[in-house]
Amino acid sequence: MNIEKRHKVSIWYVLIAIWGVLIFQNYLASTYATQTIPYSQFVQKLKQGKIIEVSITEKIIQGLMKSETGSDQQTSFRTVRVDPDTSELLDKYQVNYAATIESTFFRDLLSWILPVLLFVGIWFFLMKRLSAQQPGFMTLGKNKAKVHKQEDINVSFEDVAGVDEAVAELVEVIDFLKNPDKYLEFGGSLPKGILLVGPPGTGKTLLAKAVAGESHVPFFSISGSEFVELFVGMGAARVRDLFDQASTNAPCIVFIDELDALGKVRGFGGAGGHDEREQTLNQLLVEMDGFDPNVGVILMAATNRPEVLDPALLRPGRFDRQVLVDRPDKQGRIAILQVHLKKVKKLGDIDVEELAGMTPGMAGADLASLVNEATLLAVRNRKKTVEKEQFEEAVERLVAGLEKKNRLINPKERRIVAYHELGHALVALSLPGTDPVKKITIVPRGIAALGYTMQVPIEDRFLMTKTELLGKIATLLGGRAAEEMIFQDVSTGAHNDLAKATNIARSMVTEYGMSDKAGQVYYKNEPQAMFLQQGLNRNAIGEYSDETARIIDQEVRSIIDQQYTIAMKLLNEKRKILEEAAMELLEKEKIEGSYLEELIRQKQTAQESGGES
Ligand code: ADP
Ligand code: MG
Ligand code: ZN
């Protein structure tokens, strides 16, 4: 809007200037101390020898002539030419004559000012059309940061649950924005940039909004990807503009979401499209170095891939404070569920703790959609309130994709799936330190899973022992072992299990030092190191000899083989239980873990009493 106005003003200036030039020209040419005489008089004076000198142009003759009065005095004169033939003729008949110049002012006006005006008009019209079609066309290079004034944001820290450590760190930032003097008095200054790091859906964006909502200052949010589009050089201009805007609005918060889109390591990969991003990133670094955090501009950013960020971004004086926003633990999940359950108007009697126990590994966003899904299910099933049943179904949907009841599998495949899943479950139930089995189903879900065994940990775990890891591997291999035992053949259904089991085994050998032959050595390279060495020293990846590589492979192989044997042995011992449970599972499609436990207990007591008699 501003720009358009400025253009209109300048057009008036141009018009006035043209006008002025024309008038000046006329004035100069005609009236500058010059006497205008008719052409006939000029001819007369010429014949009298009164003309001293002339300069002739196409239409006008100018010059000096002797004055009437004194012979020494000269006057300058000017006359409009008449073509020689006519003037000769006129002289002959002694007619007084003069020529005049027709005024060309209006003709000039029409002949070139009008076209200019027309052009300007068309230009404006086109610009209007363009900017209507493509908002922001007139303001190229202006950032697209959305400015939220304090009234807009009604997110508070109460809406963000289960990430208490992150909240505690951010409270200090808010305190600074509210009482800057308290800190400035002591000569303290806040970190320039705060980077929220964590897996997707853990509430990073939500946290940033809560900071804005609690601190009551303007909040500029922009996504990293918005910097890197449209035209070359735009991104850098946008960064500059964003910081300009921020410093005029201080105190305020600038939030760059998904920083990884713009802050990836420079010079990574080949040519094409990289220069633009690099320029933008460089500009960001320059601006970050340039601004003084004590004016009250706080820069926040979020990413779920901190490992791809350019190390320059993480240096002191840039994003020097990193706040981890991790997946919530069970207590955290309880808190988050409570936040979202509050929004459900017709809620039945729900045990939040149990629900939290069913959702290990889920982040805030998953839990939010879980609650929503359960509510929708209650509506679809015409329930009066949202009940536990709906939540359980919602968990299943989220965990394993949508149920596909109408997908047909042939009976042979169903049998394989049933034995396979029970193989997992029985091994898990027989080994110490494995997670309890909650439920086994052979209802096909999602794209890949034909059935699954749901194991629910009793508590969140941060450490795992070697025994537990081995138990996990055995459980994963239990599916294939059951197939081999029952059908003397194996299927492709185990490929995911094998991948997981191999991963665990490899980690045990290379990361956790849990193999005798490989020893307590860390064989794995950090991904960061790989990025830093990029291009300089590619050979540094894999810092162990080929001999060691062979030992690692052998160790992984032997862990897998041993656990497979253990799983096989366990299943052989429980073959009767396996077969009985399989009948039940094939009929009902779903059985509870408790049913299986009960079955094992029954068989055991039967065996013991049978042995005695
Ligand atoms: P991120 O930016 O980390 O990917 P978001 O902040 O966009 O995740 O979270 C998406 C949604 O998930 C939020 O709007 C909120 O409804 C829910 N959510 C995520 N984390 C939490 C949390 N810790 N507490 C409450 N709700 C959460
Ligand atoms: Mg986000
Ligand atoms: Zn399996």
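Numbers here are sequence positions counted from 1. Excluded from the calculations below are hydrogen atoms, water molecules and symmetry mates; all remaining heavy atoms, backbone and side chain alike, are included. Note that ligands are numbered from 1 as they come in the structure, with each ligand's atoms numbered from 1 the same way.
Assignment of Ala302 to the shell around ligand 1 is not supported, since no heavy atom sits closer than 4.0 Å. A heavy-atom separation below 4.0 Å is not found between Val339 and ligand 1. Within the structure, ligand 1 lacks Asp257 among the residues with a heavy atom less than 4.0 angstrom away.
Side-chain contact between Tyr419 and Leu578: present, with at least one pair of heavy atoms (C-beta onward) separated by less than 4.5 Å. A 4.5 Å side-chain heavy-atom check between Leu586 and Arg414 finds at least one atom pair inside the cut-off. At least one side-chain heavy atom of Leu281 sits less than 4.5 Å from a side-chain heavy atom of Leu313. Counting heavy atoms from C-beta on, the side chains of Leu431 and Thr434 come closer than 4.5 Å.
Checked against Val325 for a side chain to side chain contact (heavy atoms under 4.5 Å, CB included), the options Val160, Leu207, Asn304, Val197 give a single hit: Leu207.
A salt bridge links Arg506 and Asp553; the closest N-O separation between the charged side-chain nitrogens and carboxylate oxygens is under 4.0 Å.
With respect to atom 16 (O) of ligand 1, the closest heavy atom belonging to the protein is His340 CE1, 3.3 Å. Counting only heavy atoms of the protein, atom 24 (N) of ligand 1 lies nearest to Ala161 N, 3.1 Å. Counting protein heavy atoms only, atom 25 (C) of ligand 1 is closest to Asp159 O, 3.2 Å. Counting protein heavy atoms only, atom 2 (O) of ligand 1 is closest to Thr205 OG1, 2.6 Å. Protein heavy atom closest to atom 15 (C) of ligand 1, with residue, atom name and distance, is Leu206 CD2, 3.9 Å. The single protein non-hydrogen atom nearest to atom 4 (O) of ligand 1 is Gly201 N, 2.8 Å, given as residue, atom name and distance. When hydrogens are left out, the protein atom nearest atom 8 (O) of ligand 1 is Gly203 N, 3.3 Å; that is the closest non-hydrogen contact. Protein heavy atom closest to atom 18 (N) of ligand 1, with residue, atom name and distance, is Gly364 C, 3.6 Å.
Taking OG from Ser215 and CG from Leu170, the interatomic distance works out to 10.5 Å, rounded to the nearest 0.5 Å. Remark: Arg315 CZ to Asp310 CG distance equals 8.5 Å, nearest 0.5 Å. The distance from atom CG of Asp164 to atom CD of Gln331, rounded to the nearest 0.5 Å, is 10.0 Å.
Ring geometry, Phe219 versus Phe255: the interplanar angle falls under 30°, so the pair is classed parallel (tilted spans 30 to 60°).
In summary, an N, O or S atom of Asp497 is located under 2.8 Å from the Zn ion (ligand 3). Here Thr205 meets the criterion, with an N, O or S atom under 2.8 Å of the Mg ion (ligand 2).
Contact atoms of ligand 1 toward Pro200: 4 (O) (distance under 4.0 Å to a heavy atom of the residue). Every atom of ligand 1 with a heavy atom of Val160 under 4.0 Å away is listed here by number and element: 23 (N), 24 (N).
Here the angle at the Zn ion (ligand 3) defined by NE2 in His424 and NE2 in His420 stands at 90°, rounded to 10 degrees.
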